[in-house]
Amino acid sequence: MEQSFYDAVYDVVRLIPKGRVTSYGAIAKSIGAGGSARMVGYAMNHAQEADPPVPAHRVVNSSGLLTGKFHFATPTLMQEMLEQEGIQVKEDKVQNFKKLFWDPLQEI
DNA sequence: GGATTGACGTGTC
DNA sequence: AGACACGCCAATC
């Protein structure tokens, strides 16, 4: 079966550099999905079972909020991972999000 | 195959 | 400033 919408999302997310984050909308645009930001998040749900694994913890919503943290093994895992990469997270929000934001369109 | 859903985004009240 | 509403679009049931 052909690569589906998911594979495109996975590929972009895997391109996110360590210590950086991006938003669902940005990914959606990069794959040509436009305003289908929801689809990106939907794909990320499967990302847990995707192989190779996708750094979904580097993907947050446009506000820098860790909206999908509850979809990880543990709700705190996402924050832990981000902090490991040097990203400051407070109240489930990525601090300095604007600076840490990585736009896939700039890479692709 | 129609209806529902969803890790979102932007705007409005 | 916080809460609510609508829009997008593909996958799943």
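Below, chain A is the first sequence line, B the second, and so on; all start at residue 1.
Less than 4.0 Å separates DNA chain B from no heavy atom of any residue of residues 87-106 of chain A. Using a 4.0 Å cut-off on heavy atoms, the residues of residues 59-81 of chain A that approach DNA chain B are A:Asn61, A:Ser62, A:Thr67, A:Gly68, A:His71, A:Phe72, listed by number. Residues of residues 19-32 of chain A having a heavy atom closer than 4.0 Å to DNA chain B, listed by number: A:Ser23, A:Tyr24, A:Gly25.
The side chain to side chain contact (heavy atoms under 4.5 Å, CB included) search around A:Asn96 returns A:Lys99, A:Leu100, not counting sequence neighbours. Applying the salt bridge (charged side-chain N to carboxylate O under 4.0 Å, His left out) test to A:Lys29 and every residue at least two apart in sequence or in another chain returns nothing. With sequence neighbours left out, A:Phe101 forms a ring-ring contact (aromatic ring centres under 6.0 Å, His included) with A:Phe97. Residues forming a side chain to side chain contact (heavy atoms under 4.5 Å, CB included) with A:Gln95 (at least two apart in sequence, or on another chain): A:Gln88, A:Lys90, A:Lys93. Among residues two or more places apart in sequence or in another chain, the side chain to side chain contact (heavy atoms under 4.5 Å, CB included) test is passed with A:Glu83 by A:Gln79, A:Glu80, A:Val89.
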Can I get a per-line list of side-chain donor-acceptor pairs under 3.5 Å for residues 16-26 of chain A, giving both atom names and the distance, sequence neighbours left out?
residue: A:Thr22; atom: OG1; partner: A:Trp102; partner atom: O; Å: 2.8
residue: A:Ser23; atom: OG; partner: A:Ala26; partner atom: N; Å: 3.3
residue: A:Tyr24; atom: OH; partner: A:Val59; partner atom: O; Å: 3.3

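Summarising the geometry, the separation between CZ on A:Arg58 and C1' on B:dA7 is reported as 16 Å, rounded to the nearest angstrom.
Test A:Leu15, A:Leu105, A:Val12 against A:Ile27 for side chain to side chain contact (heavy atoms under 4.5 Å, CB included) and you get one pass: A:Val12.
Smallest separation of non-hydrogen atoms from A:Met78 and A:Ala56: CE-O, 3.9 Å. For A:Ala43 against A:Tyr10, the heavy-atom pair with the smallest separation is O-OH, 3.2 Å. For the residue pair A:Phe5 and A:Val40, the shortest heavy atom distance occurs at CE2-N, 3.9 Å.
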Distances under 3.5 Å between nitrogen or oxygen atoms of protein and nucleotides 11-13 of chain B:
none

Anything under 3.5 Å between a protein N or O and an N or O of nucleotides 10-13 of chain C, put it in a table, one pair a line.
residue: C:dA11; atom: O3'; partner: A:Tyr6; partner atom: OH; Å: 3.0

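One cannot find a donor-acceptor pair under 3.5 Å joining the base of C:dC9 and the side-chain atoms of A:Arg38.
Going from atom CG of A:Asn45 over to atom OH of A:Tyr6 covers 8.5 Å, rounded to the nearest 0.5 Å.
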Inset, instruction - Check step by step if side chain to side chain contact (heavy atoms under 4.5 Å, CB included) holds for A:Val60 and A:Leu65. - result: CA-CA 6 Å; A:Val60 295; A:Leu65 193 68; over 6 Å; no

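Grouping the Ile, Leu, Val, Met, Phe, Trp and Tyr side chains by contacts below 4.5 angstrom, directly or via other members, places A:Leu77 with A:Val94.
Within the structure, the side-chain hydrogen bond (donor to acceptor under 3.5 Å, both in side chains) test picks out the following pairs touching residues 51-78 of chain A (sequence neighbours left out): A:His57-A:Glu85, A:Arg58-A:Glu85, A:Lys69-A:Asp92.
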